[in-house]
Amino acid sequence: MVAVTELLFLSKSTKPFPAGFEMKLSVIIVNYNVKLFLEQCLYSVQKAIRDLAAEIIVIDNHSTDNSLAYLQPKFPQVHFITNGQNVGFGKACNQGFQIAKGEYILFLNPDTIVPEDCFHACINFLASKKDAGALGIKMLDGKGRFLKESKRSFPSPATSLYKLFGLAKLFPHHKKFSKYHLGYLDEDENNEVDVLAGAFMMVKKEVLDKVGCFDETFFMYGEDVDLSYRIQKAGYKNYYFAGSRIVHFKGESTRKGSMNYVRMFYQAMSLFVRKHYSGSKAGIYNFLIHVAIWFRASLSAIGTFVRRIGLPILDAGLILLAFWLMKNIWNNYIRPEVYYENKILWIVFPAYSVFYLLAAYYAGLYDRWYKRTELFRSTLVATIVLLAAYAMLPEQYRFSRAIILFGSVLAFLFLSVFRWLLIQLKVLQSKKDKYPQTVIVGTMQEFAETKTLLQDAGLKQKVLGRISLQDNEPEAIGFLKDIRLLSTSIPFREIIFCAGQLSYADIIQTMKIIPAAVSIKIHAWGTTSIVSSDSKDVSGEAVSKENGFKLSDPYNRRLKRLIDVSIAIVGLLTFPLHFFFVKKPFSFFGNCFQILLAQKTWIGYATPEKNLPSVRKAVIANNGIPAAWQQPLPEESLQMVDYWYARDYEPMDDVKLIWKMYRRLGE
């Protein structure tokens with residue numbers, strides 16, 4: 001008999017399978033810019049098919065994160081299909097199905113982890129149910145919590161109405177109000193259901209041959225609902241299987257709650273209704289869908305406005321209010337004899353607010369995550385700058401330093417309360433600790449490898465120690481079987497499970513007893529990434545050596561852009577001087593304008609490198625040679641220089657190189 005590993009290699013090649021060979025399972029995965037999640041997923045899938053005649057097919061939907069170059073050398077047994085554009089989830093799955101040879105077809109998301117016994121258990125269950133057409137599975141999020149979308153009913157006017165107006169959330173187990181997610185069905189029991197989630201959908205190939213695969217009219221979302229409906233309509237049953245469970249990190253690029261998500265999701269639902277419903281039912285449901293679109297889109301638009309545009313504007317309003325209140329308190333209760341002209345205040349206070357906003361931006365206050373220390377740091381820096389600038393103002397524009405000092409304190413309090421409210425409303429996400437206290441679960445070798453990976457990724461975790469798998473292992477701070485007790489005695493806020501000697505099944509089983517405040521991460525031994533997700537509503541996080549590039553840090557990228565813009569503005573304001581010192585001065589002025597328009601950067605890469613943090617087209621390469629010139633070094637050397645530049649980036653190095661190459665800035 002041909003070995004399973006040999007069969008996997010055959011599935012990738014053009015060689016025919018042995019006569020009489022029967023492929024049991026085809027695993028089809030669509031990837032779009034989640035290569036690190038997919039790396040962990042493929043490792044778990046390989047373990048799950050170890051003694052199963054199976055093949056793995058990955059369709060890459062024109063990822064821009066260099067997925068194929070990263071993954072293909074690591075997984076030579078996987079059949080990769082490359083698309084020249086993003087053709088959508090359904091069409092990509094159909095591409096995989098066209099070449100699949102398995103008796104069972106599994107459509108699997110790349111941001112999932114499967115335990116070792118998962119596929120065997122699912123196939124055995126499907127084989128035992130003669131009326132079964134397809135199977136979905138119990139899904140957990142990155143914290144080990146049950147995901148309600150594991151089991152759903154078909155959309156209807158009533159169920160959508162209950163979900164839209166929050167009745168499903170208020171009565172999560174009511175047979176009528178919770179019908180959308182079938183909340184009245186026990187999550188730990190197998191049940192017949194309507195809709196299976198596309199994240200894990202195992203279907204008998206004979207069923208797909210009969211009813212067809214995914215409808216390619218659905219670009220993203222809704223195609224799983226449509227296929228589930230057609231399977232039922234053909235006389236088969238869809239089952240929710242609780243005999244195994246998987247982790248679904250939600251690592252996809254379309255973030256739940258975003259305008260794009262709302263538009264795509266409800267358009268998919270509308271398409272499903274037009275296709276399968278008719279008469280008054282379709283009309284009512286389409287009306288409700290449009291109400292839902294406007295309602296959710298409005299909420300999403302408000303949230304997006306607050307996060308991207310409105311937040312600085314609202315901050316400015318609170319800062320102005322703080323200074324105005326402090327000025328009135330000072331005037332009315334402390335120094336009533338002093339009079340400040342309103343026209344001065346209308347100039348000075350807005351100027352102060354601008355200082356605060358600039359300091360907040362460069363302190364990282366408007367990044368993805370919020371942390372109070374960044375607010376404190378930005379307030380402190382702005383206050384010191386304002387007090388220093390105050391001494392340089394003409395006498396007629398000065399007023400009490402106390403107003404600046406106490407106004408800053410009041411502004412800090414206002415902004416802190418405002419951020420707290422936004423976090424409670426889930427408009428903002430609170431930032432995790434920059435230096436979390438971490439424990440690593442694994443063998444000594446896995447522990448050492450994971451620590452090295454954390455260092456290479458530029459992470460600053462304080463690793464408290466190793467939790468061993470066996471009771472008799474030395475140099476461990478505790479044992480896995482005592483993890484619940486350890487969580488109360490050791491102050492760790494992050495736990496990294498190494499999947500190697502420790503099985504995925506044990507990891508998933510242990511996740512549910514980890515305290516909610518602890519972040520859970522998974523790292524397959526031998527891989528170069530770590531994945532996690534702390535919320536089902538936002539994309540998960542993945543780290544690798546690529547995170548170790550200093551040029552990837554948002555703080556450094558802001559400083560780089562500030563340097564570019566500042567030098568471009570100074571260059572334009574002092575333009576007559578450059579006619580005497582800069583070669584090709586008119587080109588220099590053109591470069592200044594292109595930099596202000598975010599089309600160029602003063603210092604950048606020497607080669608068009610795709611595997612490094614993105615940088616705009618350079619005027620001067622980081623090796624000091626104008627980018628327009630022919631580089632004298634071989635491409636391998638230039639790539640290494642670019643790698644060092646991205647890894648060890650320091651903003652002041654850009655400034656020094658710009659000064660050194662001043663005469664060449666017009667090249």
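Owing to the predicted nature of the structure, the values given are computational and were not obtained by experimental measurement.
The shortest non-hydrogen separation linking R557 to P613 is NH1-CB, 3.9 Å. Contact detail for F89 and G198: the closest heavy-atom pair is CZ-O, 4.0 Å. Here the closest non-hydrogen pair linking G500 and K47 is O-NZ, 3.4 Å. The two residues I56 and V78 have their closest heavy-atom pair at O-CG1, 3.6 Å. The two residues F37 and S532 make their nearest non-hydrogen contact at CZ-O, 3.9 Å. The minimum heavy-atom distance linking I477 with L486 is given by the pair O-CD2, 3.9 Å.
A donor-acceptor pair shorter than 3.5 Å cannot be found between the side chains of H248 and D141. Counted by atom type alone, D194 and S153 present zero donor-acceptor pairs between their side chains at under 3.5 Å. Residues S529 and Q40 bring a donor and an acceptor atom of their side chains to less than 3.5 Å of each other.
At a threshold of 4.5 Å between non-hydrogen side-chain atoms, the residues K512 and T510 do not count as touching. Inter-residue side-chain proximity for L135 and M201 is flagged as unmet; no heavy-atom pair is nearer than 4.5 Å. Proximity of I440 to C498: side-chain heavy atoms (C-beta onward) are separated by under 4.5 Å at one or more points. In this structure, V463 and L454 have side chains that are in contact, with non-hydrogen atoms separated by less than 4.5 Å. The closest side-chain heavy-atom distance from F80 to L68 is below 4.5 Å. By the 4.5 Å heavy-atom criterion applied to side chains, I495 and I514 are counted as neighbours. At least one side-chain heavy atom of D188 sits less than 4.5 Å from a side-chain heavy atom of K138. Under the 4.5 Å side-chain criterion, counting only non-hydrogen atoms from C-beta, I29 is in contact with L42.
Of the residues listed (F107, Y104, F119), the one engaging V27 in a side chain to side chain contact (heavy atoms under 4.5 Å, CB included) is F119, and it is the only one. Each of L502, I483, D482 was scored for a side chain to side chain contact (heavy atoms under 4.5 Å, CB included) with I467, with one residue passing: I483.
Taking the six-membered ring where the residue is Trp, F241 and F125 present tilted rings, their angle falling between 30° and 60°.
Among residues two or more places apart in sequence or in another chain, the side chain to side chain donor-acceptor pair (under 3.5 Å) test is passed with Y70 by E39, T528. A search for side chain to side chain donor-acceptor pair (under 3.5 Å) contacts involving K143 returns nothing, not counting sequence neighbours. The side chain to side chain donor-acceptor pair (under 3.5 Å) check on Y239 picks up D131, with sequence neighbours excluded. Take N238 and apply the side chain to side chain donor-acceptor pair (under 3.5 Å) test, not counting sequence neighbours, and it matches no residue.
S228 places a side-chain N or O within donor-acceptor distance of the main-chain N or O of L196, the cut-off being under 3.5 Å. Of the possible polar contacts, none joining the S468 side chain to the F479 backbone as a donor-acceptor pair under 3.5 Å is found. A donor-acceptor pair is defined here as one N or O able to donate and one able to accept, closer than 3.5 Å; such a pair exists between the side chain of S26 and the backbone of G102. Formation of a donor-acceptor pair under 3.5 Å by the E473 side chain with backbone atoms of Q470 is found in this model. Between the side chain of T112 and the main chain of V247, no donor-acceptor pair closer than 3.5 Å is present. At least one donor-acceptor pair under 3.5 Å links the side chain of S63 to the backbone N or O of N33. Looking only at distances, no side-chain donor or acceptor of R245 sits under 3.5 Å from a matching main-chain atom of I137. A donor-acceptor pair under 3.5 Å links the side-chain atoms of Q437 to the main chain of P491, judged by distance alone. With K237 contributing its side chain and G133 its backbone, the two residues share no donor-acceptor pair below 3.5 Å. Side-chain N or O atoms of N191 include none that pairs as donor or acceptor with a backbone N or O of L185 at under 3.5 Å.
Residue pairs meeting the salt bridge (charged side-chain N to carboxylate O under 4.0 Å, His left out) criterion with at least one partner in residues 498-507, sequence neighbours excluded, do not occur; the list is empty. Sorted by first and then second residue, the side chain to side chain donor-acceptor pair (under 3.5 Å) pairs with a member in residues 438-454 read T438-E494, T443-E446, E449-H523; sequence neighbours excluded.
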Requested in this report: Please lay out, stage by stage, how E541 and K521 fare under the test salt bridge (charged side-chain N to carboxylate O under 4.0 Å, His left out).
Outcome: CA-CA 9 Å; E541 293 187 325; K521 295 184 175 181; 5.6 Å; no
Query raised in the report: How far apart are the C-alpha atoms of K35 and D60, what are their side-chain angles, what is the distance that settles it, and do they pass the salt bridge (charged side-chain N to carboxylate O under 4.0 Å, His left out) test?
Result: CA-CA 10 Å; K35 66 181 182 183; D60 184 76; over 6 Å; no
Query raised in the report: What do the steps show when you test D456 against R647 for salt bridge (charged side-chain N to carboxylate O under 4.0 Å, His left out), and what is the final call?
Result: CA-CA 10 Å; D456 290 343; R647 186 193 66 181; over 6 Å; no
Query - From CA spacing to verdict: side chain to side chain contact (heavy atoms under 4.5 Å, CB included), C93, I59 - result: CA-CA 7 Å; C93 284; I59 303 92; over 6 Å; no
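The CG atom of L25 sits 9.5 Å away from atom SG of C122, with the distance rounded to the nearest 0.5 Å. From F146, atom CZ reaches atom CE of M139 across 8.0 Å, with rounding to the nearest 0.5 Å.
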